[in-house]
There are 2 protein chains.
Amino acid sequence: MHSEAVASRSADQRDSREPRRDTKEPRNGTPQLDAVSLAIVQQLQEDGRRPYAAIGKAVGLSEAAVRQRVQKLLDQGVMQIVAVTDPLTVGFRRQAMLGIHVDGDLDPVADALTAMSEVEYIVITAGSFDLMVEIVCEDDDHLLEVINKRIRTLPGVRSTESFVYLKLKKQTYMWGTR
Amino acid sequence: MHSEAVASRSADQRDSREPRRDTKEPRNGTPQLDAVSLAIVQQLQEDGRRPYAAIGKAVGLSEAAVRQRVQKLLDQGVMQIVAVTDPLTVGFRRQAMLGIHVDGDLDPVADALTAMSEVEYIVITAGSFDLMVEIVCEDDDHLLEVINKRIRTLPGVRSTESFVYLKLKKQTYMWGTR
DNA sequence: TCGGTCACTGCGAAATCCGCAAATCATGAG
DNA sequence: CTCATGATTTGCGGATTTCGCAGTGACCGA
């Protein structure tokens, strides 16, 4: 019945005959979002502080239902609602991407890197690097210290190649909002 | 003055001897945040929906003042409050970093890349690549099409090197929250 | 068929957001 | 030094929003 209720409250927005589109869809390993949760995420990608009622109107759900879904998405770690900033304006003037060649198991190296607060981003990659990491530092000295003294000395790190950022041209947080 | 006000109302939180750290500091081109706004940003990095009153208590400002500062920070584009998600759970299974070698001016290439919704991130770098971009795609076909058909055919793009993501190990949005 | 679980709805009460006018402070000119 | 100006902050209601909870229907396994 909630589909009628939904339809009555927002017939202008959603198709009342939508056949229930299962909430979980436990297909592969990933939890996988249903269409409604995806729509909620998109709303919050536009404005992380948008009121639940407004989101509800947009996706065709009651305020309370939206609130519950959002809470679950946060609890599950599917999304987080945060302020993102331009590092430059927050006092981090030097950034770099680092490609890393590793001997043997990647995980110990990755774990050590994870522990470093200056390392913002770590991926294991296929290609000529084993690991790529993004580093955010206050200045050149700081950057040099992190790369030279703390990363290159890590056991397992064979060699690195640095790509110092000259200019950030684009940065989006709009996955799914195409 | 507002530094005393701050100190008097939240002596438990902040150092009253903090030597003034000017509100604007119109030094270079960047606006630059003062200590209070930085604290506000940090609060919102922990939880983008934290109430203004709670933030105010933490940074030593009234609810209304926090609200105005946040609004200004948003208007100025210094920060944005958004939901960020794990691309995997939102249906984007293939990601890659792409290093690009460019002939001549970088800007036209960068602009063309900016227009592509699959390109999440673009930086001009010093080092063996001119440009590094992050690509978020739904599957291998999609990724291949973007790289091969749309990027490598761009005028000015001499060559590219791909680093397909195998595993994302860390991703933070906590600049300044060290 | 009988629970049990899950997601959604409705609804007050409490908390929060919002706009506005007055107060405070910083700055710079006179 | 004093005064005017502009920027920021504060203190209010009133409107909105959030929050918790009880009730209901759908689905699933026993």
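Just so we're on the same page: letters track the sequence lines, and every chain starts at 1.
- Ring pair Phe129(B)/Phe163(B) is perpendicular by interplanar angle, where above 60° counts as perpendicular and below 30° as parallel.
- For Pro51(A), counting side-chain heavy atoms from C-beta on, the closest listed nucleotide (dT10(D), dT17(D), dT9(C)) is dT17(D).
- Lys72(B) has no side-chain polar atom (N or O) that falls below the 4.0 Å cut-off from OP1 or OP2 of dA7(D).
- In this structure, Tyr52(B) atom OH and dT16(C) atom C1' are separated by 10 Å, rounded to whole Å.
- Distance Asp75(B) CG to dT8(D) C1': 16 Å, rounded to the nearest Å.
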Start with the C-alpha gap between Leu61(A) and Arg69(A), add the side-chain angles, then the distance that decides, and say whether side-chain contact (heavy atoms from CB on, under 4.5 Å) holds. CA-CA 10 Å; Leu61(A) 235 55; Arg69(A) 286 209 184 215; 3.8 Å; yes

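- When rounded to the nearest whole Å, the span between CD1 of Ile55(B) and P of dT16(C) equals 11 Å.
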Full working for side-chain contact (heavy atoms from CB on, under 4.5 Å) between Met79(B) and Val70(B): CA-CA 9 Å; Met79(B) 75 172 178; Val70(B) 168; 3.8 Å; yes

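- At dT16(C), none of the side-chain N or O atoms of Arg49(A) fall inside 4.0 Å of OP1 or OP2 (strictly under the cut-off).
- Considering OG1 of Thr172(B) and CD of Gln45(B), their distance stands at 10.5 Å, rounded to 0.5 Å.
- When the P atom of dT9(D) is taken as reference, atom NZ of Lys57(B) falls 19 Å away, rounded to whole Å.
- A straight line from CZ of Arg50(A) to P of dT18(D) spans 12 Å, rounded to a whole angstrom.
- The CD-P distance, from Gln68(A) to dA22(D), rounds to 14 Å in whole Å.
- For Arg69(B), whose side chain is taken as the heavy atoms from C-beta onward, the closest listed nucleotide among dT8(D), dT10(D), dT9(C) is dT8(D).
- Rounded to whole Å, atom P of dT18(D) lies 11 Å from atom CD1 of Ile81(A).
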Can Ser37(A) and Asp34(A) be said to form a side chain to side chain donor-acceptor pair (under 3.5 Å), step by step? CA-CA 6 Å; Ser37(A) 289; Asp34(A) 70 356; 3.2 Å; yes

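- For Leu44(B) and dC17(C), the CG to P distance is 11 Å, given to the nearest whole Å.
- Checked against dC18(C), dA7(C), dT9(D), the side chain of Glu63(B) finds its nearest nucleotide in dC18(C).
- For the pair Arg67(B) and dT16(C), the criterion of a side-chain N or O lying under 4.0 Å from OP1 or OP2 is not met.
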